[in-house]
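All remarks here apply to the structure that follows.
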2 protein chains.
Amino acid sequence: MAAQVPGAIPARRPADGPDRSRDPDRTRADILDVATTEFADKGYAGARVDEIAAKTSTTKRMIYYYFGNKEQLYIAVLERAYTGIRTIERELDVEHLDPVDAIRRLAELTFDHHESHPDFVRLVSIENIDRAEHIARSSVLTGLASPALDVLARILDRGRESGVFRGDVDPLDVHMVISAFCVFRTANRHTFNAIFKRDMLDPALRAHYRGMLCDLVLAHLTVR
Amino acid sequence: MAAQVPGAIPARRPADGPDRSRDPDRTRADILDVATTEFADKGYAGARVDEIAAKTSTTKRMIYYYFGNKEQLYIAVLERAYTGIRTIERELDVEHLDPVDAIRRLAELTFDHHESHPDFVRLVSIENIDRAEHIARSSVLTGLASPALDVLARILDRGRESGVFRGDVDPLDVHMVISAFCVFRTANRHTFNAIFKRDMLDPALRAHYRGMLCDLVLAHLTVR
DNA sequence: GAGCGAACGGACTAGATAGTTAATTAGGCT
DNA sequence: AGCCTAATTAACTATCTAGTCCGTTCGCTC
């Protein structure tokens, strides 16, 4: 964190205690970190700018100085969260695996990411409540289809050629099924637990659900 | 509009036009209807009591008269929405169908309900953002496991006995997969469309997704 | 037709909340 | 050293918002 500006002097900072020196990047990043947690926690309407400011090492005025207003701050939070998962997806390399193992790997990677980034999943839910109106206002976010989709299309092609996969499945539909499963486990955890008394994120059930996702997707894709 | 001027003659309802007579049940129901739409639209934090009151044919004072405060009004909305779907589930009768058709019927019923009740799905999302804290405060809602679960368990048993279904599947997991698919389609419609440019609720895709859900679940359950 | 309680309406309040004003400081550049 | 601008601070404001006070009206019973 605290990316150094090229040519900047490394910060004269008294080794301990909060950093009080002037560091725009650090201040911005600090605000973004706190805002991410706060928006994911309370939703867009529920989050309070004063609250975010209080949890920051700077003041409310700085939020407006760097981000303009509450909405632009929220959009900045969304942009960082989305580009995060897209970066991970881009690193996926499954060309050397056979189609079945490749699907399994892709499903597991998605599963793991959703499990380890509940804030991201919550932000997506929140954004849907607002009918994606903030995403629509961000040019960064609108043209941001998942790199995983291209990878998926390649895997399906290879699987069809080798005769193990059905030929009539759309990559986006497969992506949707995987997402639906992973998103549901995190996004609906609380109501599901309240009504059915099962915590889908219980560590003891992790392996069960991870395997189940792979089975589900592969059963659907496999020729019988 | 047409607020009663003090001292004016009440005009006991000229046959047409809104009902102005005293009717507690009607008033309560009116408030609940408006509140459901408003909470589903804006979320709990985003909804405004004043706004709800304005869209009602009565006043804000009446909301507090009948429901006490904003939270209890919201809980009343949740209770009505949940008991709605549970009632439909209870009417499900699939004992006369073979296991495969029974699963198909159950999946389609769930699919149809989610499609025709987007407000319910949104309320569930909203409640998850608040970590189901309002459900937890309602004794009506906490002890409300889905009747569909018992039906599902029966179908799975019958399918296992006749050898068409695997024996190691948990009814709650099957319920979860069906819910995940149906909930995702409605709950994540906006972000999915914003990023992948596909409206999962496009009527032209309805049959495709409905069939896909059945295939998906049955492929997972069927012995190979 | 008087009395009574449930149902109702409108104006009011205290506190919260997004956003601002304006003055101040630190640090790089010449 | 001294200027100049980006970065920072704290106090302030207009508006919004959940919740309340209190007086009024309807419809029923006796």
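Side chains are part of it too, since the values below use all heavy atoms of this structure and drop only hydrogens, waters and symmetry mates. Just so you know, these numbers come straight off a predicted model, no measurement behind them. Every chain is numbered from 1 and lettered A, B, ... according to where its sequence line falls, protein lines coming before strand lines.
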statement: With the side chain defined as heavy atoms from C-beta on, A:T59 is closest, among C:dG9, D:dA7, D:dT9, to D:dT9
query: Which one, C:dC8, D:dT17, D:dT25, comes nearest to the side chain of B:Y66?
result: C:dC8
- prompt: Starting at CZ of A:F67 and ending at P of D:dT8, how long is that distance when rounded to a whole Å?
  reply: 12 Å
message: Please report the end-to-end axis angle for the helix from C:dG1-D:dC30 to C:dT30-D:dA1, five pairs per end, rounded to 10 degrees.
response: 0°
message: What I want to check is whether the side chains of B:H208 and A:D170 have a donor and an acceptor closer together than 3.5 Å.
response: no
query: Which of these nucleotides, C:dG19, C:dC8, D:dT17, is closest to any side-chain atom of B:R48?
result: D:dT17
statement: What one should report as the nearest heavy-atom pair of A:H113 and A:I88 is CD2-CD1, 3.4 Å
- request: Report the nucleotide, chosen from C:dA7, C:dT21, D:dA18, that has the shortest atom-to-atom distance to any side-chain atom of A:R61.
  value: C:dT21
field: Distance in angstrom units between A:Y64 OH and D:dT13 C1', rounded
entry: 13 Å
field: Partners meeting ring-ring contact (aromatic ring centres under 6.0 Å, His included) with B:Y74 (sequence neighbours left out)
entry: B:F39, B:Y44, B:H134
message: Assuming nearest nucleotide by heavy-atom distance, tell me which of A:M62 and B:E71 is located more 5' along DNA chain D.
response: A:M62
- line: Separation of D:dC22 atom C1' from B:Y65 atom OH, nearest Å, is 14 Å
field: d(CD, A:E51; P, C:dT17) in whole Å
entry: 9 Å
query: Looking at C:dA7, D:dT8, D:dA18, which one has an atom nearest to any side-chain atom of B:K70?
result: D:dA18
query: Closest to the A:V49 side chain: C:dC8, C:dA18, D:dA7?
result: C:dA18
